[in-house]
Amino acid sequence: MLNLNSSNKIIITGAAGFIGFHLTKKLLSLGHQILGIDNLNNYYDINLKLNRLKKLKSLNNDSFSFSKVDITKSSVLKKIFSNFKPDKVINLAAQAGIRYSLKNPNSYVSANIKGFMNILECCRHFNVNGLIYASSSSVYGKNSKIPFSIEDRVNLPISIYAATKRANE
């Protein structure tokens with residue numbers, strides 16, 4: 001569990017994304033030391049991501065650092081974990097989007113499965129004390145019951161994206 005009452009060293013993957021940006025901003029305001037990781041791919045507007053990072057750096061230069069990293073590169077990820085020594089990891093990194101997964105399924109398997117496995121292995125080898133993983137409502141697939149519930153079946157994915165997020169769960 002993430003103890004918000006004491007300072008933690010936290011790696012946040014996908015830090016330049018919408019959720020990553022807002023979460024990083026909040027955790028910095030609570031006194032945590034954050035290392036943001038993002039590959040800054042062009043699936044979403046890169047300038048938007050760069051502006052988010054600029055804002056984060058301007059909030060607190062001492063408590064926020066950033067590394068442009070592809071989580072599928074295990075050797076680079078291992079160096080980061082070794083140097084930063086995180087207490088916690090929040091994995092928001094993923095190749096997003098349902099339509100694009102139909103055109104480029106290999107990028108989803110690489111980022112969402114191999115990349116997540118690299119995160120898990122780094123957490124294991126570097127004795128990280130907590131991991132939070134962000135899944136997706138896409139795992140509910142053809143489930144027609146609204147609102148979704150954690151009790152619902154999630155065995156009917158309708159895209160590679162959903163299947164990779166479910167595999168990580």
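Keep in mind that this is a model prediction, so the values were computed, not measured.
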**OP:** Would you indicate whether the side-chain heavy atoms of L35 and S67 approach each other to under 4.5 Å?
**Re:** yes
Original post:
Crowded around K9 NZ? As in, over 12 foreign heavy atoms under 6.0 Å?
Top reply: yes
**OP:** State which residues pass ring-ring contact (aromatic ring centres under 6.0 Å, His included) with H125; sequence neighbours excluded, sorted by chain then number.
**Re:** none
Original post:
Roughly how far, to the nearest 0.5 Å, is CD1 of I11 from OG of S65?
Top reply: 9.0 Å
Subject >> Nearest heavy atoms of G36 and F64, plus distance in Å >> reply: N-CE1, 4.0 Å
Original post:
Which pair of non-hydrogen atoms, one from S110 and one from K114, has the smallest distance, and what is that distance?
Top reply: O-CB, 3.1 Å
Subject >> Atom of F81, atom of C123 and distance for their closest heavy-atom approach >> reply: CE2-N, 4.0 Å
Subject >> Residues forming a side-chain hydrogen bond (donor to acceptor under 3.5 Å, both in side chains) with Q95, sequence neighbours excluded >> reply: N41
Original post:
How long is the gap from CD1 on I80 to NZ on K85, to the nearest 0.5 Å?
Top reply: 13.0 Å
**OP:** Examine the side chains of Y108 and N112 and answer whether a donor and an acceptor come within less than 3.5 Å of each other.
**Re:** no
Donor-acceptor contacts, no H, no angles, side chain residues 13-26, under 3.5 Å, sequence neighbours left out:
residue	atom	partner	partner atom	Å
T13	OG1	N91	OD1	2.4
T13	OG1	L92	N	3.0
T13	OG1	A93	N	3.1
T24	OG1	G20	O	2.7

Original post:
What's the spacing between L27 CG and K88 NZ if we round to 0.5 Å?
Top reply: 11.5 Å
Original post:
How about I71 and N118: do any of their side-chain heavy atoms sit closer than 4.5 Å?
Top reply: no
Original post:
Where is the tightest heavy-atom contact between V128 and C122, given as atom of each residue plus distance?
Top reply: CG2-O, 4.4 Å
**OP:** Using a 4.5 Å cut-off on heavy atoms from C-beta on, say whether the side chain of D70 contacts that of V76.
**Re:** no
Original post:
Rounded to the nearest 0.5 Å, what separation is found between the CD1 atom of I90 and the CD1 atom of I12?
Top reply: 4.5 Å
Subject >> Spacing of L77 atom CG and K79 atom NZ [to the nearest 0.5 Å] >> reply: 11.5 Å
Original post:
To the nearest 0.5 Å, what is the distance between CD1 (I10) and OG (S63)?
Top reply: 11.0 Å
Original post:
Any side-chain heavy-atom pair from I37 and F84 closer than 4.5 angstrom?
Top reply: no
